[in-house]
Amino acid sequence: MPSPHGETSVFCISDLSDNEIWNIGDREVAQKRGLPLLGRADILAFHILNKNLKLMPDNNPPRHVNILDWPSEKSEQKLIAIELAENSQLHLK
Amino acid sequence: MSMAIQCIDCPSFYAIPSGVGFSDDFKNLVKNIKKQIQEICEPLTIGRPLEEAFKSLIEIYKECSEGNWDGYNALPITVNAFEEARNVINLLPTSIPMPEILSEPDGSIGFEWRKGQKLIFVISVEGKYRINYAGIFGSNKIHGSEYFGEMLPSVVIENLRRLFYR
């Protein structure tokens with residue numbers, strides 16, 4: 001789901017090893033929340049673009065990308081979110 | 001062992017409508033009903049899932065009641081959102097499995113039911129008398145928003161039935 005600013009933070013993991021991907025999660029998510037990382041969801045960029053969302057890399061931090069152009073209606077956001085979840089691959093740590 | 005199951009068409013017996021009486025008689029009636037509800041919930045088949053759902057809700061509220069709980073400026077879950085989520089749990093038909101409960105970045109509390117691939121129904125509340133919902137049922141998709149007062153909107157009950165009784 002998008003943040004209150006209408007963005008969803010993701011990281012580009014192309015060409016990264018499994019360890020490198022988990023390191024990003026530990027550094028950029030777990031440490032920020034002060035909670036251990038339990039898992040991650042990987043999704044192809046195609047599925048995000050297929051929902052008329054936009055991918056905007058800002059590399060801040062490195063490899064960071066924002067998903068933008070979520071619809072304003074909350075229920076429509078929820079539908080897109082569950083469709084993206086259906087097309088993603090869950091990995092448990 | 002026999003198990004008490006509430007029919008999905010019947011309103012939940014956990015929730016007592018508020019604001020329908022003010023007299024001492026009404027207060028006594030509410031007190032007696034609450035006592036009877038407590039006795040109904042004693043069997044593990046009914047009481048345990050409810051207890052676990054409330055426990056999960058309280059944990060989520062504790063973790064997410066301050067802003068920026070996700071490290072990405074998420075809004076806090078307000079006490080109104082928590083109370084509304086508690087009402088949702090109380091109003092769910094007991095014949096439906098308890099959902100997974102989660103927090104959302106806009107401060108809403110979400111409820112997710114998943115029966116398998118492409119069989120999902122989700123709702124959320126944020127303490128503003130509205131339920132937002134979305135669902136995937138095979139090739140069919142739905143989403144919308146309904147007023148939420150003292151009863152769960154019929155569209156929520158119908159889609160839970162669709163998910164679990166097709």
Side-chain angles (χ1 to χ4, degrees), chain A residues 1-11 23-41 43 47 50-53 56-61 63-68 70-90 92, chain B residues 59-60 62-64 66-77 81 99-100 102-126 128 130-148 153 155-156 159 163:
Chain A
M1 293 291 288
S3 72
H5 304 296
E7 304 167 344
T8 302
S9 269
V10 295
F11 287 86
N23 285 341
I24 291 176
D26 283 327
R27 201 172 55 242
E28 304 301 340
V29 179
Q31 282 177 27
K32 281 189 159 126
R33 286 200 67 177
L35 291 169
L37 196 63
L38 301 178
R40 72 177 201 252
I43 188 169
H47 292 298
N50 204 29
K51 295 291 159 207
N52 296 322
L53 300 172
M56 184 68 80
D58 62 9
N59 277 320
N60 180 23
R63 289 183 166 266
H64 181 256
V65 179
N66 280 313
I67 300 177
L68 302 174
W70 287 87
S72 55
E73 198 188 332
K74 172 80 189 241
S75 65
E76 208 177 334
Q77 292 174 5
K78 292 181 90 59
L79 179 59
I80 291 173
I82 58 178
E83 288 180 301
L84 292 178
E86 282 292 281
N87 286 310
S88 64
Q89 184 95 28
L90 175 68
L92 296 176
Chain B
E59 276 173 23
I60 285 169
K62 279 183 184 167
E63 273 182 23
C64 306
E66 285 187 15
N68 197 35
W69 50 262
D70 65 346
Y72 290 92
N73 301 312
L75 294 178
I77 292 176
E100 190 181 335
L102 40 99
S103 49
E104 296 183 1
D106 66 352
S108 298
I109 296 174
F111 300 86
E112 181 178 302
W113 291 268
R114 194 176 275 270
K115 202 185 167 193
Q117 189 77 6
K118 292 198 182 299
L119 286 171
I120 309 153
F121 185 61
V122 298
I123 66 174
S124 65
V125 292
E126 57 176 318
K128 293 178 182 174
R130 289 214 77 80
I131 280 188
N132 289 294
Y133 63 88
I136 301 176
F137 303 91
S139 56
N140 298 314
K141 302 175 198 178
I142 50 130
H143 70 90
S145 177
E146 292 271 337
Y147 170 76
F148 175 43
V155 66
V156 170
N159 281 293
L163 192 65

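Remember, it's a predicted structure, so these values are computed and weren't measured experimentally. These numbers come from the heavy atoms of this one structure, side chains and all, not from hydrogens, waters or symmetry mates. Note on naming: letters A, B, ... go to the chains in the order of the sequence lines (proteins, then strands), and numbering restarts at 1 for each one.
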No hydrogens needed, just list the donor-acceptor pairs between chain A and chain B under 3.5 Å.
| residue | atom | partner | partner atom | Å |
| --- | --- | --- | --- | --- |
| A/E28 | O | B/Y72 | OH | 2.9 |
| A/R33 | NE | B/W69 | O | 3.1 |
| A/K74 | NZ | B/E104 | OE1 | 2.6 |
| A/K74 | NZ | B/D106 | OD1 | 3.2 |
| A/K74 | NZ | B/D106 | OD2 | 2.7 |
| A/K74 | NZ | B/S108 | OG | 3.0 |
| A/S75 | OG | B/H143 | ND1 | 2.8 |
| A/S75 | OG | B/G144 | N | 3.3 |
| A/K78 | NZ | B/E104 | OE2 | 2.7 |
| A/K78 | NZ | B/S124 | OG | 3.2 |
| A/E83 | OE2 | B/K141 | NZ | 2.5 |
| A/E86 | OE1 | B/K118 | N | 2.7 |
| A/E86 | OE2 | B/R114 | NH1 | 2.6 |

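In this structure, the side chains of B/P105 and A/P4 come closer than 4.5 Å at one or more pairs of heavy atoms.
Looking at B/I131, there are no atoms closer than 4.5 Å to chain A (heavy atoms on both sides), in backbone or side chain.
Taking A/L35, A/V29, A/L79, A/I80 one by one and counting their heavy-atom pairs under 4.5 Å with chain B, the maximum is reached by A/L79.
B/I136 contributes atom CD1, which lies 4.0 Å from atom CD1 of A/I82 (distance to the nearest 0.5 angstrom).
The environment of CG in A/N52 is sparse: at most 12 heavy-atom neighbours from other residues, nucleotides or ligands sit within 6.0 Å.
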